[in-house]
Protein chains: 2
Amino acid sequence: MSAVPGTDEAMLETGSTTDIVGYRLRRAQLSVFQRFLAAFEALDLRPAEYSALALIGDNPGRKQTEIAEILGIKRANFVALINGLEGRGLTERRAAREDRRANALYLTTDGARFLEKARAVQDDFEADCITRLGGPKARDTLLDLLGRLC
Amino acid sequence: MSAVPGTDEAMLETGSTTDIVGYRLRRAQLSVFQRFLAAFEALDLRPAEYSALALIGDNPGRKQTEIAEILGIKRANFVALINGLEGRGLTERRAAREDRRANALYLTTDGARFLEKARAVQDDFEADCITRLGGPKARDTLLDLLGRLC
DNA sequence: TATTGTTATACTCTATAACTATA
DNA sequence: TATAGTTATAGAGTATAACAATA
């Protein structure tokens, strides 16, 4: 029908649906997380697991509940996550001295080594994000704007 | 121990974990979606349902698969979503003239009225996002940066 | 053969309630 | 009483496979 190849199907009108903050935020987050999963496939590490490892590495000896809360994960759901990391020999629970109900979380020696590798992958991944955004200033602008939405 | 109230517990070191694009994106998206859910509670409408209604409103007669694909929803999962909207009398499936396998999607009269109300809520919601971001220019900057990440 | 809509199914993420052992 | 960790469970969202009807 149309004279131009590939244009037989009229384009959908999407602007009023997709040119909104929430929608774009969702699509961008899904896209970034998909690339994150691909980048961390070799290490078999998911976003929440990487965050937990990094946070424990920077704050050894903190209680499960503290780590979970910072990451926005319910303590009930954090149990399976930390079980997974512990099962791989990356983290360990030790009895907290001052409170015998609590588990203090630490990286194992293997976990610290593993985190080094993961941080290197993450640094590359972040560098790729910065390139896509158009440079470090654009990244800072994005983080600032995202912070205003929380 | 500390002289300043409320600072007995040392702050966690979070920067290296949370000052990265993926993490901030996730937190911002969760925060915005939570507010979206609250804003649309009275209409009992979720983000994906609003997007579907708005897209059908702007593109009546499109096939299920077209609408689903634009929204990034698998056609298998879109069935339950559209069943929900149809069950509420907001949309209807009609046999597509040119392809008897396909369902062409339309808003009902009630659906069109409902979408008007939903668009008004969304406009208020977007205005709130813009205010949080610091103005329309900041919003445009954000959408531009988010687009670069997809 | 390929595609549309559908069902069934499974896996992840998230949320709540309830239990235990401590505090 | 309240809190830390845990278990069980249920609800979303998402992914794939397979089927009937049609192209």
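First the proteins, then the strands, lettered A, B, ... as listed; each starts at 1.
Taking side-chain N and O atoms only, K74(B) has no distance below 4.0 Å to OP1 or OP2 of dT14(D).
Ring-plane geometry between F125(B) and F36(B) is classed as perpendicular, the angle between the planes exceeding 60 degrees on a 0 to 90 degree scale with a lower cut at 30.
Computed from coordinates, the Q34(B) CD to dA12(D) C1' distance equals 14 Å when rounded to whole Å. Straight-line distance from the CD1 atom of I73(A) to the C1' atom of dA4(D): 17 Å, rounded to whole Å. F33(B) has its CZ atom 13 Å from the C1' atom of dA12(D), to the nearest Å. As a whole-Å value, the separation of I67(A) CD1 from dA4(D) P is 14 Å. Between the CD1 atom of I82(A) and the C1' atom of dA4(D) there is a distance of 14 Å, given to the nearest Å. Atom CG of L37(B) and atom C1' of dG11(D) are 13 Å apart (whole Å). If you take CG of L81(B) and C1' of dT14(D), they are 13 Å apart, rounded to a whole angstrom. Distance, E69(A) CD to dG5(D) P: 11 Å, rounded to whole Å.
Interface limits on DNA chain C: the 5'-most and 3'-most nucleotides within less than 4.0 Å of chain B heavy atoms are dA2(C) to dT14(C).
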| task | Mind running side-chain hydrogen bond (donor to acceptor under 3.5 Å, both in side chains) on T18(B) and R27(B) for me, showing each step along the way? | result | CA-CA 10 Å; T18(B) 60; R27(B) 299 304 291 255; over 6 Å; no
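Salt-bridge check for R148(A) with D144(A): passed, with a basic side-chain N closer than 4.0 Å to an acidic carboxylate O. Between D110(B) and R113(B) a salt bridge is recorded (basic side-chain N to carboxylate O distance below 4.0 Å). Salt bridge D128(B)/R132(B): present, at least one basic N to carboxylate O contact under 4.0 Å.
At least one donor-acceptor pair closer than 3.5 Å links the side chain of E126(B) to the backbone N or O of V21(A). Within the 3.5 Å criterion, the main-chain N or O of L149(B) finds a donor-acceptor partner in the side chain of R35(A).
Among the heavy atoms of the strands lying under 4.0 Å from A76(B) is at least one base atom, whether or not backbone atoms are also near. Residue N103(A) is classed as a sugar-phosphate contact, given heavy-atom separations below 4.0 Å to backbone atoms only. Using a 4.0 Å heavy-atom criterion, one finds that R100(B) contacts the sugar-phosphate atoms exclusively.
The residue among R101(A) and N83(A) whose nearest nucleotide of DNA chain D lies closer to the 5′ end is R101(A). Ranked by how close their nearest DNA chain C nucleotide is to the 5' end, R75(B) and R26(B) are led by R75(B). For the pair A48(B) and K63(A), nearest-nucleotide mapping onto DNA chain D gives the more 5' position to K63(A).
Residue D99(A) has its side chain nearest to dA4(D) when only dA4(D), dA18(D), dT7(D) are considered. For Q64(A), the listed nucleotide lying nearest its side chain is dG5(D); candidates were dA8(D), dT22(D), dG5(D).
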